[in-house]
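Before I ask anything, here is the structure I am working with.
Read the numbers this way: they start at 1 and go in the same order the structure lists the ligands and their atoms.
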Amino acid sequence: MEKSSVLRVLKEREGEFVSGEELARACGVSRAAIWKRVNQLRLAGYEIEASTRLGYRLLSVPDLLLPDELAWNLGTAVVGRRIVHFDEVGSTNEEAKSLAVGGAEDGTAVVAEVQTGGRGRLGRGWFSPKGGIWLSLVLRPRIAPADAPKIMMLAASSVVVALRAIGLPAEIKWPNDIVVRGKKIAGILTEVAGQPEVVDHLVVGIGVNVNIRREDFPRDLLLSATSAFLEVGKTVDRISLARYLLEEIDSRYRAFNEGRADDILREWRSACSTIGKRVGLKTGFGAVRGLAVDVDERGSLILEAEDGSRRAFAAGEVTIIKE
Ligand code: BT5
């Protein structure tokens with residue numbers, strides 16, 4: 001039988017004292033080794049009380065997205081099977097990409113407390129201080145690159161559902177922004193690698209502003225960005241939110257792999273606040289206006305002009321025109 005870990009035993013006993021002797025037996029190591037492990041956990045930020053008479057008990061876990069915390073009774077089949085954590089990293093997408101190239105399995109997750117070179121689309125930056133969820137997933141669905149936008153869609157819907165679960169009226173702004181009351185709270189950056197006919201892997205990078213305060217935001221983001229903390233009015237449990245997000249992604253990813261891609265598009269459309277609005281669209285080729293009537297299978301926005309003609313746009317920045 002596999003021996004347990006010190007952390008696992010302490011967590012299972014939920015704040016009760018466990019004797020050093022019992023821990024040593026459960027973990028199959030000496031009492032001195034238990035003492036050493038307890039000290040390592042303390043250094044990692046776990047608060048553990050030690051009593052010579054009673055043993056050890058877990059008082060609190062650190063506010064960090066540690067693999068042990070995220071994976072604790074995680075209800076997923078694929079997503080988060082392996083979790084790699086960094087206190088600080090350039091970009092979790094870059095780390096996930098190199099893990100993917102090295103053969104990382106489907107569902108591998110990379111998380112960081114801080115990103116020093118967080119990336120958005122088109123060479124833009126992503127502000128990633130302490131207090132956010134900066135997460136990248138390696139996914140290996142058997143699909144053609146043309147179907148990759150659905151993976152981004154299922155990630156966006158999962159973020160929306162997770163934020164709604166903590167009471168926020170989250171919506172999707174085409175193509176990939178998650179907004180609350182018109183301000184951006186999360187963004188998604190999907191990168192695809194493979195051949196023209198088949199995807200080798202995707203890296204889905206998700207950034208969620210969780211416990212970020214007004215004074216933490218740089219000036220140029222203050223008007224356009226928000227965080228769960230600012231919208232809820234109090235600190236949000238980042239670990240629970242991240243776990244919930246992984247579970248939501250996992251269930252949609254499974255549905256997608258079982259051929260239920262239509263459900264993903266349907267759910268995405270119903271969460272997208274751009275559809276049905278009169279919008280201005282800035283593209284690389286100039287600016288257009290029209291009624292956003294739909295988003296197609298490829299994730300392109302369908303605009304209807306005054307004369308009723310329709311055109312699909314694969315990329316661009318939308319602004320809602322106030323009537
Ligand atoms: C995105 O790009 O929205 C995709 C962001 C993806 C970030 C995640 S975090 C984990 C993973 N690792 C990475 O390196 N990236 C991913 P885009 O639509 O291009 O939006 C970028 C623009 O949003 C910037 O030009 C800013 O105007 C704004 N912005 C930057 N940081 C922000 C933040 N924390 N919150 C809200 N808006 C932000």
Side-chain angles (χ1 to χ4, degrees), residues 65 70 79-80 83-100 108-139 149 151-153 155-156 158-160 162-163 168 170-192 202-231 238 241-242 245-246 249 272 274 281-284 299 301 313-319:
L65 302 172
L70 294 178
V79 174
I83 302 173
V84 180
H85 173 266
F86 292 93
D87 282 326
E88 189 178 295
V89 77
S91 156
T92 54
N93 262 41
E94 291 307 316
E95 296 298 330
K97 269 196 271 183
S98 56
L99 287 173
T108 299
V110 180
V111 285
E113 304 300 329
V114 171
Q115 292 185 119
T116 51
R119 297 198 292 107
R121 293 172 305 142
L122 310 167
R124 289 187 287 241
W126 183 258
F127 171 62
S128 321
K130 237 195 198 129
I133 294 174
W134 321 126
L135 162 74
S136 298
L137 299 172
V138 176
L139 298 178
I151 301 283
M152 190 177 91
M153 287 180 168
S158 305
V159 175
V160 165
L163 290 173
L168 296 179
E171 295 174 322
I172 299 168
K173 180 181 167 220
W174 183 85
N176 69 335
D177 292 357
I178 314 298
V179 297
V180 169
R181 294 182 258 269
K183 290 183 165 191
K184 186 158 171 173
I185 192 164
I188 298 171
L189 173 67
T190 309
E191 300 180 85
V192 188
L202 293 114
V203 169
V204 182
I206 302 173
V208 189
N209 301 329
V210 187
N211 294 319
I212 301 178
R213 284 149 212 268
R214 193 170 304 281
E215 57 272 24
D216 299 334
F217 278 110
R219 273 181 136 233
D220 60 326
L221 287 182
L222 270 180
L223 283 178
S224 64
T226 191
S227 71
F229 171 83
L230 290 175
E231 298 297 326
R238 233 163 28 112
L241 186 61
L245 179 59
L246 293 173
I249 297 171
C272 176
T274 314
L281 178 70
K282 254 199 285 181
T283 72
L301 184 68
F313 294 89
E317 294 292 326
V318 287
T319 38

Inset, instruction - Please state which part of Arg119 comes within less than 4.0 Å of ligand 1, counting heavy atoms only: side chain, backbone, both or neither. - result: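 The part of Arg119 near ligand 1 is both the backbone and the side chain.
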
Inset, instruction - Could you list the atoms of ligand 1 found under 4.0 angstrom from a heavy atom of Asn176? - result: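 Those atoms are 18 (O).
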
Legend entry - Distance-only donor-acceptor check, side chains Glu95 and Ser136, under 3.5 Å: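 No, because no side-chain N or O of Glu95 sits under 3.5 Å from a partner of the opposite role on Ser136.
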
Legend entry - Protein heavy-atom partner closest to atom 10 (C) of ligand 1 - residue, atom, separation in Å: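 Going by distance alone, atom 10 (C) of ligand 1 is nearest to Thr92 OG1, 3.2 Å.
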
Inset, instruction - From the options Ile188, Leu221, Thr226, Leu135, select the one whose nearest heavy atom is closest to atom 28 (C) of ligand 1. - result: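 Minimum heavy-atom distance to atom 28 (C) of ligand 1 goes to Leu221.
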
Inset, instruction - Would you indicate which of Glu94, Gln115, Glu317 comes nearest to atom 12 (N) of ligand 1 when only heavy atoms are counted? - result: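 Among Glu94, Gln115, Glu317, the closest heavy atom to atom 12 (N) of ligand 1 belongs to Gln115.
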
Inset, instruction - Would you mind checking which non-hydrogen protein atom is closest to atom 24 (C) of ligand 1, with the distance to 0.1 Å? - result: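 Heavy-atom neighbour on the protein nearest atom 24 (C) of ligand 1: Gly125 O, 3.5 Å.
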
Legend entry - Set of residues satisfying ring pair (Phe, Tyr, Trp, His ring centres under 6.0 Å) with respect to Phe313, sequence neighbours excluded: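 Once residues adjacent in sequence are excluded, Phe313 has no partner under the ring pair (Phe, Tyr, Trp, His ring centres under 6.0 Å) criterion.
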
Inset, instruction - Give a yes or no on this: more than 12 heavy atoms of other residues, nucleotides or ligands lie within 6.0 Å of atom CZ of Arg181. - result: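 More than 12 within 6.0 Å, yes.
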
Legend entry - Within-cut-off N or O pair, Arg124 and ligand 1, under 3.5 Å: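 Between Arg124 and ligand 1, an N or O pair is found under 3.5 Å apart.
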
Inset, instruction - Mark the output for Ser128 as yes if a heavy-atom distance to ligand 1 is under 4.0 Å, and as no if none is. - result: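 No; Ser128 lies far enough from ligand 1 that no heavy-atom distance drops under 4.0 Å.
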
Inset, instruction - Look at atom 5 (C) of ligand 1 and say which protein heavy atom is nearest, naming residue and atom and giving the distance to 0.1 Å. - result: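 Of the protein heavy atoms, Trp126 CE3, 3.4 Å lies nearest.
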
Legend entry - Enumerated ligand 1 atoms positioned under 4.0 Å from heavy atoms of Asp177: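 Result: 18 (O).
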
Inset, instruction - Take the angle between the ring planes of Trp134 and Trp126 and call it parallel below 30°, perpendicular above 60°, tilted in between. - result: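 Geometry flag for Trp126 against Trp134: perpendicular rings.
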
Inset, instruction - Classify the contact between Ile206 and ligand 1 as side chain, backbone, both or neither, using a heavy-atom distance cut-off of under 4.0 Å. - result: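 Backbone only.
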
Legend entry - Straight-line distance of Leu221 CG to Thr226 OG1, nearest 0.5 Å: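 That separation rounds to 11.5 Å.
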
Inset, instruction - If you have a sec, work out which protein heavy atom is nearest atom 35 (N) of ligand 1 and how many Å separate them, to one decimal? - result: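 For this ligand atom, the closest protein heavy atom is Asn209 ND2, 2.8 Å.
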
Inset, instruction - Do me a favour and list the nearest non-hydrogen protein atom to atom 3 (O) of ligand 1 with residue, atom name and distance? - result: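 Among all protein heavy atoms, the one nearest atom 3 (O) of ligand 1 is Lys184 NZ, 2.7 Å.
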
Legend entry - Heteroatom proximity flag, Phe127 to ligand 1, N/O under 3.5 Å: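 There is such a contact, yes.
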
Legend entry - side chain to side chain contact (heavy atoms under 4.5 Å, CB included) partner of Ile188, chosen from Val204, Ile151, Val208: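 Only one of Val204, Ile151, Val208 forms a side chain to side chain contact (heavy atoms under 4.5 Å, CB included) with Ile188, namely Val204.
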
Inset, instruction - State the CG-CD1 distance between Leu245 and Ile249, to the nearest 0.5 angstrom. - result: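 These two atoms lie 4.0 Å from each other.
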
Legend entry - Contact atoms of ligand 1, heavy-atom distance to Gly118 under 4.0 Å: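 Listed by number with element: 14 (O).
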
Inset, instruction - Flag yes if more than 12 heavy atoms outside Arg124 fall under 6.0 Å of its CZ atom; otherwise flag no. - result: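 Atom CZ in Arg124 is packed in, count exceeds 12.
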
Inset, instruction - Taking all heavy atoms of Arg121 and all of Leu189, pick out the closest pair and write down the distance. - result: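 Between these two residues, the closest heavy atoms are CG-CD1, 3.7 Å.
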
Legend entry - Heavy-atom nearest neighbour in the protein, as seen from atom 36 (C) of ligand 1, with distance rounded to 0.1 Å: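 Answer, as residue, atom name and distance: Ala225 CB, 3.4 Å.
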
Legend entry - Residues Glu94, Arg119: salt bridge by 4.0 Å N-O rule: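 Yes, Glu94 and Arg119 are salt-bridged.
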
Legend entry - Straight-line distance of Glu171 CD to Cys272 SG, nearest 0.5 Å: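 Answer rounded to 0.5 Å: 8.5 Å.
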
Legend entry - atom 8 (C) of ligand 1: nearest protein contact (heavy atom, Å):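 Checking every protein heavy atom, the shortest distance to atom 8 (C) of ligand 1 gives Gly207 N, 3.6 Å.
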
